[in-house]
2 protein chains.
Amino acid sequence: MLPSNKITLKKIAHDLNMSTSTISRALRDNHEINAVTKERILAYARELNFRPDTIARTLRNGKSKTIGVVLSTVENPFYSQVINGIESAAYQSGYNVCITQSHESYDLEKMQVAHLTRNSVDGILMSLAAGTTDTTYLKRIKDAGLPIVFFDNIDQGIDSHKVVADNFKGAFEATSQLLNSGYKNVAFISGPANNSITVERMAGYLKALTQNGIIANEATIKYCMHDGENDCEIENAIDELFLLDNRPDAIFTATDNVSTKVFQSIRRREIQIPDEVALFGFTNSKLAELTFPALSAVHQPGFEMGKKAAEMLLDLIKNNRSNTEYQTVVLPVQLFSRASSGSITILG
Amino acid sequence: MLPSNKITLKKIAHDLNMSTSTISRALRDNHEINAVTKERILAYARELNFRPDTIARTLRNGKSKTIGVVLSTVENPFYSQVINGIESAAYQSGYNVCITQSHESYDLEKMQVAHLTRNSVDGILMSLAAGTTDTTYLKRIKDAGLPIVFFDNIDQGIDSHKVVADNFKGAFEATSQLLNSGYKNVAFISGPANNSITVERMAGYLKALTQNGIIANEATIKYCMHDGENDCEIENAIDELFLLDNRPDAIFTATDNVSTKVFQSIRRREIQIPDEVALFGFTNSKLAELTFPALSAVHQPGFEMGKKAAEMLLDLIKNNRSNTEYQTVVLPVQLFSRASSGSITILG
DNA sequence: TTGAAAGCGCTAACAG
DNA sequence: CTGTTAGCGCTTTCAA
C-alpha cells in the first residue's frame, strides 16, 4: 500500500496490482473492462473515498466543466437572481459555476475574464461593466474559440448569443404610466450613456414622451457614469434636475442601483413622493413593495435570464458549434405600479 | 515557429531557441537569469500576449492561489457584503475567489465543498447552511490539511479560526430597546434552533428578558428550519404567535431573511407596525431605512467579517501553520432603532 | 480485456 | 547562467 495521504489512480493501481489506465477506465465505467475487475476497483475506490482530481483531468482533457460568470456585483438583487438561474441550468448539466464581479470597472472586468480563461473555464456568461466601452479583448477571446453568451448589459458589436429583458417596453410602459397619471415633466436618470440597457430604456422613454406629444428636454436626462455607485453622481443629478426652471414632477430611473439610490436620496431630502416628485424605476428588490411610499418598479426576470443564458452557453459548449446562427432572446418584464408613481395599490 | 493557436512555454522556448525552464524562470523573474536574455523573453512573451496556464501551474505546484467560499445565498445582502470583504483581502494577496451557494441545504453544501476541494482550492471560507448538523465531513477535510475559516454561522465542534458578529449583544440590545419602549411581550423568530447564530441571539434575547424581570414563554419562541425560505414557515410562525391568548406586542427577528420576510408578511396582513406589533430585526439591507415603517435593525459588519475571515485564511495558507492557536474574532454590530420598534427617527 | 507509454503545460532538482 | 530530466494526476492511443 502506497501512503494514503493522497489518493490517486496510481495508488489504487498499485494497491490492486493493476495499471492506472485500467483503474481510470473502470471508474469512468468504460465498457471494455471486465465486470468483476470493475466491481473490485469500484469497491476499493469507494472504500478509500476516492475523488478524481479535477485539475489533472482539466489539464488532460482541455475542459474544466466549469462556466465563468462576470457581472457587476452580486449585491444587486437582480444579479443574484440571475446567478440562481445560471446555477440551476449548470448543475443540471453537471457543470460548475465560478462567479466574479467587475464592480462596473473595465479594468476589473478584464482581469476577471483573464482569470477565468487562464483557469480554463469552458465558457463565459457576462453582463458588461458600466465602464466598458472597448470590447475587442472579448472579441479576441471569442474568436479564439471560447464561447461567450452575453446577458443584460450586452455589446452590440460582438456577434454571439444574447439574453436581455424587454428594456424598451419596460421603459416605455413605466414612462407612459407616469404620463397617464398626469405627470407632465418626466425626467430620466440612468447608468452610463453608452450602455445597451441605457440606450434601450432611453428609447422606450423617448417613445412614450413623443407618443404623448412631449418634446424631450436634454436637461432632464441624466447619466451616472458609475451606475450611481459613486454617490455624488446621484446627488448631482438630482440637484441639477431640481434647479431647473421647469422642475420635473416625476423621474423614471432606469437601473436597479440608480432606482434605489435616487429613492433614498429623495427621501433623505424629505421631498414628498409622489406629491412633489413621482418615481418609477427598474428594480428587482423584494423590498420595493415595502418602502414608503411603495416603489413602482419594472421587474426583470432575473432567474429566467440566467437560466436561459446558461442553457445557450452550455449548448454552445457541448455542441462545439463554430458557425452557429447566433440569436438574441428578449424576455418580458413585469410592471408593478405602486404609490411612488401616484398609483393606489394594495400590498401583496 | 510552432503553431500559434496555443501559446505555451514550449512554443516560446522553441521560437527563441531556448529551453522551457529558462523561459519559465525568466517569466517568474528568477534572479539567476541573464538580464538581456530575460528582456528578450519578456518582450517576446508580451508580443504574443502569453499567459501561463493556471491549471498546469496548479497541478504542478499543488496550490491554486484560489480560495473557495461556501455560504447560503448571495441574494442575502449581508452575504454579498461579506463577499466584497473577502475579495478585497484576497485580491490584495493575489488570490482568486470562487463563490458557491448552499441554499441552506446540507447536501448542496457538501457537494460544493467537494467541488472546491477537487478543484484544489487552497482554503475554504464558510458559513454553515441552516440545514447542516453533522460537520464531520468538514473536520476530515480540515484534518487532511486544508485550512478552513468559519464565519457567521459557525460550528462549535471544529477547532479553527472563526469570525462572527457580536450576536449576543445585538440581540440583547434589540430586545432591550423593545422592552424599554414599553413592549411587554416580545416574541422571537429565528432560523433553525441548532445554528450558532440562533443560539447566541437567543441567549441575548433571553438575557434581556430576565434582566427586565420577564420569564421567557416557550410559546413565543419560533424557529424556521429553512431560515424562512420555505414561505409557510414564516406564515405559520406568525399565525401561531397571533393566536396566543397573550398575543405578542413585539417581535425580535433574528436573521436577515426572517426579518424581511416577517416584515413583509405583517404588512400584507395589514397589521399596524408598531401599534399592533413592533418589530426589531437583524438585517443588512440598505432599504431597511426606507420601508414603511422604517425597519429597526441590528446591522452586522459584513464587509469587515469577510475581510477578516479571508485574512485569517490567507495567513493559515501562507504560513502553513499546523499547530496554530485558533482564535475566534467577534466583530461589533450596529443598532439602528427606527419606527418599527416605536422609535421616532429622522431618516439619514 | 488489460498494460505500457506518451503527454496536457508547467516547475524544480540537478548538472553542467 | 542555462539545459536536461522527471513528474504533478489524469486520459488515451497503441500494442499485446
Side-chain angles (χ1 to χ4, degrees), chain A residues 2-42 44-45 48-66 117-122 144-145, chain B residues 2-42 44-45 48-66 117-122 144-145:
Chain A
L2 281 175
S4 63
N5 53 350
K6 197 151 203 184
I7 301 166
T8 64
L9 285 189
K10 201 181 190 175
K11 174 180 162 48
I12 296 183
H14 170 95
D15 291 357
L16 257 35
N17 239 315
M18 303 190 220
S19 78
T20 59
S21 38
T22 304
I23 311 295
S24 171
R25 283 190 267 250
L27 291 171
R28 276 170 306 125
D29 206 24
N30 188 308
H31 57 276
E32 43 183 30
I33 291 286
N34 181 305
V36 324
T37 330
K38 189 183 284 183
E39 196 34 64
R40 243 187 91 206
I41 295 172
L42 289 177
Y44 189 60
L48 261 45
N49 194 29
F50 171 74
R51 298 274 171 257
D53 184 313
T54 324
I55 298 296
R57 195 176 258 182
T58 298
L59 181 61
R60 170 66 227 225
N61 293 341
K63 328 177 241 181
S64 60
K65 290 234 152 212
T66 298
T117 53
R118 297 207 300 161
N119 277 293
S120 305
V121 293
D122 295 341
Chain B
L2 282 175
S4 64
N5 52 351
K6 196 151 206 184
I7 302 164
T8 64
L9 286 188
K10 201 180 189 175
K11 175 181 160 48
I12 297 183
H14 170 96
D15 291 358
L16 257 36
N17 239 316
M18 303 190 219
S19 78
T20 59
S21 42
T22 304
I23 312 295
S24 171
R25 283 190 268 250
L27 291 171
R28 278 171 303 125
D29 206 24
N30 188 308
H31 57 275
E32 44 182 29
I33 292 284
N34 181 303
V36 325
T37 331
K38 189 184 284 184
E39 196 34 65
R40 244 188 90 206
I41 295 172
L42 288 177
Y44 189 59
L48 294 181
N49 194 28
F50 171 75
R51 299 273 171 258
D53 184 312
T54 325
I55 297 295
R57 195 175 259 183
T58 298
L59 181 61
R60 171 65 229 228
N61 293 342
K63 324 176 247 179
S64 60
K65 291 246 183 199
T66 298
T117 53
R118 296 206 301 161
N119 278 292
S120 305
V121 293
D122 295 341

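So you know, we letter chains A, B, ... as the sequences are listed, proteins then strands, and number each from 1. Everything quoted here is computed from the prediction, not taken from an experiment.
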Requested in this report: List for me each residue that meets side chain to side chain contact (heavy atoms under 4.5 Å, CB included) alongside Leu59(A), sequence neighbours excluded, and say none if there are none.
Outcome: Ile55(B), Ala56(B), Leu59(B)

Query raised in the report: Can you list every salt bridge (Lys or Arg N to Asp or Glu O under 4.0 Å) pair that touches residues 55-65 of chain B, not counting sequence neighbours?
Result: none

**Report entry** Contact boundaries on DNA chain D for chain B, cut-off under 4.0 Å to non-hydrogen atoms
**Finding:** dC1(D) to dG9(D)

Report task. Could you identify which residues of residues 20-38 of chain A place a heavy atom less than 4.0 Å from some atom of DNA chain C, listed by residue number, or say none? Result -> Ser21(A), Thr22(A), Arg25(A), Glu32(A), Ile33(A), Asn34(A), Thr37(A)

Query raised in the report: Counting distance only, does the side-chain N/O of Thr58(A) pair as donor-acceptor with the main-chain N or O of Thr54(A) below 3.5 Å?
Result: yes

Query - Working for side-chain contact (heavy atoms from CB on, under 4.5 Å), residues Thr37(A) and Arg40(A) - result: CA-CA 5 Å; Thr37(A) 330; Arg40(A) 243 187 91 206; 5.5 Å; no

Report summary line: Distance col, row Phe50(B):CZ vs Ile12(B):CD1, nearest 0.5 angstrom, shows 5.0 Å

Query - side chain to side chain donor-acceptor pair (under 3.5 Å) against Arg51(B), all qualifying residues, sequence neighbours excluded - result: Asn49(B)

Query raised in the report: Taking only residues two or more places apart in sequence, or in another chain, which ones meet Asn119(A) in a side chain to side chain donor-acceptor pair (under 3.5 Å)?
Result: none

Requested in this report: Kindly state each residue pair satisfying salt bridge (Lys or Arg N to Asp or Glu O under 4.0 Å) with at least one member in residues 19-35 of chain A, sequence neighbours excluded.
Outcome: Asp29(A)-Lys38(A)

Query raised in the report: Taking only residues two or more places apart in sequence, or in another chain, which ones meet Ser64(A) in a side chain to side chain donor-acceptor pair (under 3.5 Å)?
Result: Asp122(A)

Query - From Asn34(B) atom CG to Ile41(B) atom CD1, the distance as rounded to the nearest 0.5 Å - result: 9.5 Å

**Report entry** Qualifying residues under side chain to side chain donor-acceptor pair (under 3.5 Å), relative to Thr117(B), sequence neighbours excluded
**Finding:** none

**Report entry** Which residue lies more 5' along DNA chain D, comparing Asn17(B) with Asn61(B) via nearest heavy atoms
**Finding:** Asn17(B)

Report task. Please round to 10 degrees the angle between the axis of the first five pairs and the axis of the last five pairs in the helix from dT1(C)-dA16(D) to dG16(C)-dC1(D). Result -> 50°

Report task. Would you give the length of the straight line joining atom CD1 of Ile7(B) to atom CG of Leu48(B), rounded to the nearest 0.5 angstrom? Result -> 5.0 Å

Report task. Taking heavy atoms of chain B and a 4.0 Å limit, find me the 5'-most and 3'-most nucleotide of DNA chain C within that range. Result -> dC8(C) to dA13(C)

